[in-house]
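Predicted model, so just to flag it, every value in this text is computed and none were measured. We're numbering straight along the sequence, starting at 1.
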Amino acid sequence: MSKPKIETRFERGLFAARWLMAPMYLGLVVSLAMLMVIMAREVAYYAPKIMVLSSEDAILSVLTLIDLTLAGNLLLIVLFSGYENFVSKLDIDATADRPSWMGTVDFSGLKMKLIASIVAISGIHLLKRFMEIGEKHAETPFDPTQLRWMVLIHLTFVASGVLLAVMDLLAAKTDKH
């Protein structure tokens with residue numbers, strides 16, 4: 001017994017709807033370019049001051065650059081993995097530049113990479129705030145309540161990552177339905 005034509009057309013339309021995500025991935029490319037501009041601005045700001053920066057300020061500036069880099073990495077992971085998992089496979093020749101993980105990260109792996117990146121970014125923000133404690137010229141004045149909230153939010157991200165990993169482990173051990 002074959003499906004009615006209307007059902008087949010409807011299912012093809014649903015499947016084609018995945019292409020509505022393509023402009024969103026293009027938006028992520030624009031976001032990556034925005035991060036690159038912010039990175040260039042930060043380097044241009046700190047580089048001329050290298051001879052007068054204290055070691056703490058140098059570390060804080062490097063942490064800022066690392067933070068931006070991790071955010072860019074996160075964008076790339078979401079961009080490539082999301083596109084390949086939900087829209088279409090990237091038909092790019094296997095060149096030496098092609099990251100080894102491309103085409104191999106499934107939705108579960110994408111979740112784990114996302115939460116790991118978020119935890120790393122949160123940890124860097126927290127480290128920057130800890131390093132600014134007692135600094136007279138800190139970007140933001142020390143606020144113990146804000147710092148407690150930052151620690152609590154960071155621990156929430158860590159706990160979420162652990163719970164996601166446990167759920168993936170349990171799902172992998174169960175029989176597929």
Side-chain angles (χ1 to χ4, degrees), residues 14-47 49-50 57-132 138-140 146-147 149-169 171-172:
L14 281 179
F15 186 66
R18 73 191 191 283
W19 285 100
L20 294 173
M21 290 295 297
M24 293 182 188
Y25 291 109
L26 186 58
L28 290 180
V29 172
V30 172
S31 298
L32 189 59
M34 290 167 39
L35 278 179
M36 184 194 67
V37 169
I38 293 168
M39 170 73 90
R41 184 188 70 203
E42 291 291 322
V43 169
Y45 177 79
Y46 285 112
K49 298 178 180 189
I50 194 68
D57 288 340
I59 291 170
L60 287 172
S61 64
V62 169
L63 287 173
T64 299
L65 299 178
I66 290 170
D67 193 27
L68 289 168
T69 302
L70 286 172
N73 289 341
L74 177 61
L75 270 172
L76 279 179
I77 290 168
V78 171
L79 183 67
F80 291 143
S81 298
Y83 184 84
E84 282 204 329
N85 280 309
F86 302 112
V87 180
S88 180
K89 295 292 179 200
L90 291 169
D91 293 326
I92 298 170
D93 295 333
T95 64
D97 287 351
R98 183 182 171 101
S100 60
W101 57 266
M102 270 184 68
T104 61
V105 178
D106 60 1
F107 186 64
S108 176
L110 178 58
K111 286 188 307 188
M112 294 312 299
K113 287 183 182 304
L114 282 171
I115 195 68
S117 295
I118 290 169
V119 166
I121 290 168
S122 172
I124 287 174
H125 277 285
L126 199 53
L127 179 59
K128 283 172 58 175
R129 292 297 298 162
F130 279 136
M131 289 187 67
E132 289 176 344
E139 286 180 24
T140 316
Q146 182 189 37
L147 194 59
W149 276 109
M150 289 178 73
V151 169
L152 183 64
I153 291 167
H154 178 71
L155 291 174
T156 301
F157 288 145
V158 171
S160 297
V162 170
L163 289 174
L164 280 172
V166 168
M167 287 188 306
D168 282 349
L169 182 66

Mind checking whether D67 and L63 have side chains closer than 4.5 Å, heavy atoms only?
no
Flag side-chain contact, heavy atom, 4.5 Å: L147 against F130
yes
Going by atom type alone, with no hydrogens or angles, which donor-acceptor pairs under 3.5 Å involve a side-chain atom of residues 26-42 and a protein atom two or more places apart or on another chain?
residue: S31; atom: OG; partner: G27; partner atom: O; Å: 3.1

To the nearest 0.5 Å, what is the distance between [atom1] on [X] and [atom2] on [Y]?
X	Y	atom1	atom2	value
L74	L79	CG	CG	11.0 Å
H154	I121	NE2	CD1	12.0 Å
Y46	T64	OH	OG1	5.0 Å

Taking all atoms of both residues into account, what is the closest heavy-atom pair of [X] and [Y], and its distance?
X	Y	answer
V87	A22	CG2-N, 4.5 Å
G161	M112	O-CE, 3.8 Å
M150	R129	CE-CG, 3.3 Å

Donor-acceptor pair, S122 side chain versus I118 backbone, under 3.5 Å?
no
Do any N or O atoms from the side chain of R18 and from the backbone of F15 form a donor-acceptor pair under 3.5 angstrom?
yes
Does Y45 OH have over 12 foreign heavy atoms under 6.0 Å away?
no
Could you give me the CA-CA distance, side-chain angles and deciding distance for S160 and I115, then say whether side chain to side chain contact (heavy atoms under 4.5 Å, CB included) is met?
CA-CA 8 Å; S160 297; I115 195 68; 4.2 Å; yes
